[in-house]
Amino acid sequence: MQELKSIKGTHDILNSGIAKWQKVEKVLQKVFASFCYQEIRTPVFENTALFARGVGEFSDIVSKEMYTFSDKGGESLTLRPELTASVARAYIQHHFWQDAPVHKLWYLGALFRQERPQAGRQRQFHQYGVEVIGSALPEADAEVIALACSIYRELGLRNYVLHINSIGSTDTRKRYTEILKKTLEPHKNSLCETCNTRFEGNILRLFDCKNPGCAEILKNYAPSILDHLSSEDAEHFTRVRELLDVMAIPYEVNPALVRGLDYYTRTTFEIKGTALGAQDALCGGGRYDKLLMELGGPETPAVGFAAGMERLILAMEAEGLFTEEEAGMDLYLAPMDSHALNTAMPIAQTLRDAGISVYVDLLGRSLKAMLREANRKKAKHTAVIGDDEIKNRRLQLKSMFNNTVSELPFEDLADALKHKK
RNA sequence: GUGGAUGUAGCUCAGUUGGCAGAGCGCUUGGUUGUGGCCCAAGUGGUCGUGGGUUCAAGUCCCAUCAUUCACCCCA
């Protein structure tokens, strides 16, 4: 028989991994709630057309990384490679705008891209993110950025940098692209092969090239998009920066920050982890004022970001933020034999109803084995149930941390444990 | 898709010029009857990634293949 194993680029999360995820998820929920954002959950697969139109047919994500398949009815479906398009689709489908002029949404979910895995990059990975749909104001941009930073601050992460830029509205970008082409035309031959293909397709992506020769040419000759913003674009960007300053959020303006998804307009930003490997983008986002309209909805301005869970956890591990030990169950109940379980199990039920976590041994093991396990599982208390306890309806509650024992009737157990929590 | 590295026990890894498959950790049980941790002892656990080849003999040498991983690319 063929060995069954998880497929390339996917991972089980178990044991200590679960604790890390839960710790992060708890903080996420807390921060989202404090900003009054509402959770949204969308299906993991959608019509292929949604991503082709939303993300951009010629983007790498759509053109070579999607898990696309036909269902039995011949429909082309795709496992979502990102979440903004899905959220936008839901917004349009359910006519959110009739319910309120602005919606502040957050999500956390699994995404799928068929890339070669490496550190911080998997084929199934998870992103959390937010979308503010309905506000064109720079204040929305600033709030979204502030939210992204609050999460890291709340988690205690220190080694990261916020980069921001404005790529202008569609018209601005069209004009700037022409200028860029004209300026770089004489140096075209010195650029690398990929840059030359991008030259015609999406010339802005030249800024992403890591080839030192290309970077040098860009640095020396390429005009900054910030010098070519329309006055409205420039005003918008200035206001975003003003608000970040007022909130004391440190940032770097990076005119080379373009981003690969087609739908961005005006503000773009990225948070880079400084303790990560090659895949160092912790969070990326920006404004996308045309996406909703392109997907068939009303023209609705929006801004949001997406951030990688796995990368965040890697960054937190690198900073040693998962050190504290998890305490175990409130009580480990050790029945001496199967007869004692008749008493132990109802006691456990009563305690659980009272909100106390109780572990009952189900293997019929020796007392020594049970206590060894209780110790290993970091139980706060243990209690043995055997013939004497059953006869007297009393037991000895032992604190595993300070080694004290108190004798109690069964019915006082819940109060005693609650008191010690 | 391209390039490099690595595959031996549940985990981390030794394994010499080819010569009986190893250690530590973990797990199980015990160390005088019903009380954990420390210590001691015994036990459990591997088709040496897979398939070929060379050889009296292959974890070790050769070929292929698969997987994992890092980097390019791209992105969170």
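Note on naming: letters A, B, ... go to the chains in the order of the sequence lines (proteins, then strands), and numbering restarts at 1 for each one. The figures here come from the full heavy-atom set of this structure, side chains too, leaving out hydrogens, waters and symmetry mates.
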Would you indicate what [X] reaches in the nucleic acid, counting non-hydrogen atoms under 4.0 angstrom: base, sugar-phosphate, or nothing?
X: A:Arg376; value: sugar-phosphate
X: A:Glu389; value: base
X: A:Ala119; value: sugar-phosphate
X: A:Glu65; value: sugar-phosphate
X: A:Gly120; value: base
X: A:Ala369; value: sugar-phosphate
X: A:Lys8; value: sugar-phosphate
X: A:Ser366; value: sugar-phosphate

So does A:Lys378 reach the base of B:rG37 with its side chain, donor to acceptor, closer than 3.5 Å?
no
Identity of whatever pairs with [N] - Watson-Crick or G-U, under 3.5 angstrom:
N: B:rC61; value: B:rG53
N: B:rU12; value: B:rA23
N: B:rU33; value: none
N: B:rG1; value: B:rC72
N: B:rG18; value: none
N: B:rG45; value: none
N: B:rG7; value: B:rC66

If we take the [atom1] atom in both [N] and [M], what is their distance in whole Å?
N: B:rG49; M: B:rU60; atom1: P; result: 8 Å
N: B:rG26; M: B:rG43; atom1: C1'; result: 14 Å
N: B:rG10; M: B:rG46; atom1: P; result: 7 Å
N: B:rC40; M: B:rC25; atom1: P; result: 9 Å
N: B:rU54; M: B:rU44; atom1: P; result: 37 Å
N: B:rC39; M: B:rA58; atom1: C1'; result: 42 Å
N: B:rA23; M: B:rG18; atom1: C1'; result: 22 Å

Between A:Lys64 and A:Gly9, which is nearer to the 5' end of RNA chain B once each is assigned its nearest nucleotide?
A:Gly9
Nearest-nucleotide comparison on RNA chain B, the residue closer to the 5′ end among A:Thr382 and A:Arg116
A:Arg116
Atom-pair distance ([atom1] on [X]; [atom2] on [N]), nearest Å:
X: A:Leu363; N: B:rC27; atom1: CG; atom2: C1'; result: 13 Å
X: A:Arg80; N: B:rA76; atom1: CZ; atom2: P; result: 15 Å
X: A:Arg123; N: B:rA67; atom1: CZ; atom2: P; result: 10 Å
X: A:Gln279; N: B:rC75; atom1: CD; atom2: C1'; result: 7 Å
X: A:Asn403; N: B:rU35; atom1: CG; atom2: C1'; result: 10 Å
X: A:Leu371; N: B:rU29; atom1: CG; atom2: P; result: 12 Å
X: A:Phe51; N: B:rC75; atom1: CZ; atom2: P; result: 17 Å
X: A:Phe269; N: B:rC75; atom1: CZ; atom2: P; result: 16 Å

Before accepting this row, confirm whether a basic side-chain N of the pair [X]/[Y] lies closer than 4.0 Å to the acidic partner's carboxylate O.
X: A:Glu389; Y: A:Lys391; result: no
X: A:Lys20; Y: A:Glu317; result: yes
X: A:Lys23; Y: A:Glu25; result: no
X: A:Glu115; Y: A:Arg123; result: no

Report the nucleotide, chosen from [options], that has the shortest atom-to-atom distance to any side-chain atom of [X].
X: A:Leu367; options: B:rA76, B:rG34, B:rG36; result: B:rG34
X: A:Pro117; options: B:rU29, B:rG34, B:rU69; result: B:rU69
X: A:Lys5; options: B:rG34, B:rA76, B:rA67; result: B:rA67
X: A:Ala281; options: B:rG31, B:rG36, B:rA76; result: B:rA76
X: A:Gln127; options: B:rG34, B:rG36, B:rA76; result: B:rA76

Take the angle between the ring planes of A:Tyr264 and A:Tyr288 and call it parallel below 30°, perpendicular above 60°, tilted in between.
perpendicular
Parallel, tilted or perpendicular, judged at 30° and 60°: which one describes the rings of A:Phe112 and A:Tyr67?
perpendicular
For a quick test of reading the model: is some side-chain N or O of [X] closer than 4.0 Å to OP1 or OP2 of [N]?
X: A:His11; N: B:rU69; value: yes
X: A:Arg113; N: B:rC73; value: no
X: A:Gln118; N: B:rC72; value: yes
X: A:Arg311; N: B:rC75; value: no

Of A:Thr265, A:Asp141, A:Thr267, which meets side-chain hydrogen bond (donor to acceptor under 3.5 Å, both in side chains) against A:Arg287?
A:Asp141
Please round to the nearest 0.5 Å and tell me the distance separating atom CD of A:Glu294 and atom CZ of A:Arg53.
9.0 Å
A:Tyr37 and A:Trp106: aromatic ring centres closer than 6.0 Å?
no
